Amino acid sequence: MNFKPTQIMAVGKSVPDTVITNDDLTKILDTSDEWISTRTGIKQRHIASGDENSTFFAVNAAKDALSKSDLSGLDIDLIIAATSNPFNIYPSTACAVQAEIGAKNAIAFDITVACTGMIYALEIARHFISSGKYKNALLVATDTNSKFLDWSDRSTCVLFGDGAGAVILSESKDGTDDILALNVNADGNLGNFITMNLIGENCPLVEPAEKGVKKISMNGKEVYKFVVQTMPESIMRALDDAGLEPKDIDYLIPHQANYRIIEGLQHRLEFTDEQVIIDIDKYGNTSAASVPIALADALNEGKIKTPSIAILCAFGAGMAWGSAVVRLRKGLK
Ligand code: ACO
């Protein structure tokens with residue numbers, strides 16, 4: 001079989017207008033700007049307000065990415081939405097996006113991989129494209145964590161923000177593959193590190209189920225220890241698969257969960273500050289949206305020069321984690 005190469009066509013994003021600073025949080029929590037910013041690097045986060053939800057941001061991010069490409073909704077034949085807190089379980093977020101952008105030729109489905117959603121979506125979409133059957137894929141990662149946080153749990157609620165990012169992939173016309181390597185992993189034995197239950201209620205004719213807590217709960221220390229060990233291994237494996245070394249890479253666009261984790265990766269790769277894209281101060285941890293939002297902003301603001309080679313990496317609940325080595329072509333927006 002003749003495998004088709006993948007081209008990264010465009011990147012988009014959408015975040016809520018409402019900004020909540022660390023100082024704002026001191027009105028409802030026993031916390032401080034000093035604690036949050038020194039432990040995490042976060043200064044503020046964008047938070048959904050009123051009826052804004054995951055679908056709303058997904059649609060806006062998708063439209064933003066489409067506007068930066070030569071494609072219309074009708075050209076898209078695959079939509080994958082990565083979300084862990086969709087507005088509806090069904091219809092899927094991907095189907096809602098399909099309707100809003102007029103992508104009537106697309107198949108559409110959601111995946112749930114928490115913060116690693118976009119890396120998994122890249123892995124899935126590149127195989128759809130490489131089969132030759134699908135030509136243009138829209139990947140949207142969207143999370144409104146704020147609706148599922150326990151706003152009295154200061155160890156977790158200060159960490160997250162809301163938003164969506166989108167990436168368009170197409171079958172490459174010139175035979176060059178922009179996905180140089182992908183390394184994805186999961187370990188369900190560590191599922192209790194980060195959880196968000198969605199427990200319904202049993203039929204009234206049977207014994208009732210225990211009432212669950214439908215909020216994000218995290219063992220931050222265990223996540224931290226796990227990530228500083230496994231993330232560099234994943235990156236090195238992806239580099240190895242691509243036949244590259246850290247010195248061949250121009251940029252690192254990591255999941256924005258904690259500044260200290262990012263700093264550790266930077267030292268391991270021996271990258272300069274300019275090579276590492278950090279926006280955790282502005283957005284906090286936006287889960288699956290974190291990597292595409294960082295990439296979209298860095299391209300827009302000229303922090304990333306093209307053409308270049310970048311590592312994208314993410315980790316989160318599951319536990320699931322992964323890395324991609326990608327080519328960012330000249331003029332990519
Ligand atoms: N403000 C003030 N004090 C606080 C706050 C707060 N917001 N939160 C916790 N504290 C206190 C604690 O109560 C504790 O006090 P004590 O010593 O009196 O008990 C003290 O600060 C230290 O708390 P720790 O939990 O030990 O703080 P730590 O240094 O481990 O930092 C943090 C916590 C920032 C969460 C860190 O562990 C971390 O970043 N972990 C990784 C999280 C992550 O990467 N998650 C990504 C996945 S997200 C997803 O997949 C959905």
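Remember, it's 1-based here, ligands and their atoms both numbered in the order they're listed. Quick caveat: nothing in here was measured; it's all calculated off a predicted structure.
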With a cut-off of 6.0 Å (strictly less than), are more than 12 heavy atoms of other residues, nucleotides or ligands near CG of Asp51?
-> no
Within 4.0 Å of some non-hydrogen atom of Ile261, the atoms of ligand 1 are 44 (O)
Short N or O distance, Ser32 and ligand 1, threshold 3.5 Å exclusive = no
Is the CD atom of Glu201 crowded by more than 12 outside heavy atoms at less than 6.0 Å?
-> no
Does Thr83 use its side chain to pair, donor to acceptor, with the backbone of Thr142 at less than 3.5 Å?
-> yes
Atom 14 (C) of ligand 1: any protein heavy atom closer than 4.0 Å | no
For atom 49 (C) of ligand 1, what is the nearest protein heavy atom, given as residue, atom name and distance?
-> Cys115 SG, 3.0 Å
Sidechain-backbone polar pair: Tyr120 side chain, Trp321 backbone, donor-acceptor under 3.5 Å | no
Please indicate whether Lys173 has more than 12 foreign heavy atoms, meaning atoms of other residues, nucleotides or ligands, lying under 6.0 Å from its NZ.
-> yes
Mark yes when over 12 heavy atoms from residues, nucleotides or ligands other than Lys333 sit less than 6.0 Å from its NZ; otherwise mark no.
-> no
Within-shell test, Leu29 vs ligand 1, heavy atom, strictly < 4.0 Å = no
Quick one: does Met196 get a heavy atom under 4.0 Å from ligand 1?
-> no
Aromatic rings Phe109 and Phe128: how do their planes relate, parallel, tilted or perpendicular, breaks at 30° and 60°?
-> tilted
Taking atom 45 (N) of ligand 1 as the reference point, the nearest protein heavy atom with its distance | Met218 SD, 3.3 Å
Distance from atom 41 (C) of ligand 1 to nearest protein heavy atom, with residue and atom | Gly220 O, 3.5 Å
At a 4.0 Å cut-off, with the gap strictly under it, does some heavy atom of Val227 reach an atom of ligand 1?
-> no
Under 4.0 Å from a heavy atom of Val158: give me the atoms of ligand 1 that qualify, with their elements.
-> 7 (N)
Between Asp279 and Lys13, does at least one N-O distance fall below 4.0 Å, as a salt bridge requires?
-> no
Close-contact set for ligand 1 against Phe315 heavy atoms, below 4.0 Å = 44 (O), 46 (C)
Element-labelled atoms of ligand 1 that are located less than 4.0 Å from some non-hydrogen atom of Arg260 = 29 (O)
Looking only at protein heavy atoms, which one is nearest to atom 12 (C) of ligand 1, and how far off is it?
-> Arg154 NH2, 3.8 Å
Is it the side chain, the backbone, both or neither of Asn145 that has a heavy atom closer than 4.0 Å to ligand 1?
-> neither
Counting only heavy atoms, which portion of Thr31 has something under 4.0 Å from ligand 1: side chain, backbone, both, or neither?
-> both
Would you say Asn202 has more than 12 foreign heavy atoms packed within less than 6.0 Å of its CG?
-> yes
Do Ser287 and ligand 1 have an N or O pair less than 3.5 Å apart?
-> no
Protein heavy atom under 4.0 angstrom of atom 18 (O) of ligand 1, is there one?
-> no
Can Asp162 and His46 be said to form a side chain to side chain contact (heavy atoms under 4.5 Å, CB included), step by step?
-> CA-CA 6 Å; Asp162 301 334; His46 291 244; 5.7 Å; no
Just which atoms of ligand 1 are under 4.0 Å from any heavy atom in Leu159?
-> 35 (C)
Ignoring hydrogens and geometry, is there a side-chain-to-backbone donor-acceptor pair from Asp77 to Asn105 under 3.5 Å?
-> no
For atom 26 (O) of ligand 1, grab the closest protein heavy atom and report residue, atom and distance to one decimal in Å.
-> Lys221 NZ, 2.5 Å
At what distance is the nearest protein heavy atom to atom 22 (C) of ligand 1, and which residue and atom is it?
-> Arg39 NH1, 3.6 Å
Number the atoms of ligand 1 from 1 as they appear, then name those within less than 4.0 Å of a heavy atom of Thr40, with their elements.
-> 34 (C)
Around atom 36 (C) of ligand 1, find the nearest protein heavy atom and jot down its residue, atom name and distance.
-> Asn258 ND2, 4.0 Å
Contact region, Asn285 to ligand 1, non-hydrogen atoms below 4.0 Å, reads side chain
Using a strict cut-off of 4.0 Å, indicate which atoms of ligand 1 neighbour a heavy atom of Gly316.
-> 50 (O)
Does an N or O from Ile194, backbone or side chain, lie closer than 3.5 Å to an N or O of ligand 1?
-> no
So, the side chain of Lys68 versus the backbone of Val11: is there a donor-acceptor pair under 3.5 Å, distance only?
-> yes
Sub-3.5 Å donor-acceptor pair from the side chain of Asn183 to the main-chain atoms of Ser323, do we have one?
-> no
Under the side chain to side chain contact (heavy atoms under 4.5 Å, CB included) rule, what do Phe315 and Thr230 come out as? Steps first, then yes or no, please.
-> CA-CA 9 Å; Phe315 53 85; Thr230 48; over 6 Å; no
Identify the protein heavy atom lying closest to atom 33 (C) of ligand 1, giving its residue, its atom name and the separation to 0.1 Å.
-> Trp35 CH2, 4.0 Å
Taking only Lys NZ, Arg NE, NH1 and NH2, and the carboxylate oxygens of Asp or Glu, determine whether Lys215 and Asp153 approach each other closer than 4.0 Å.
-> no
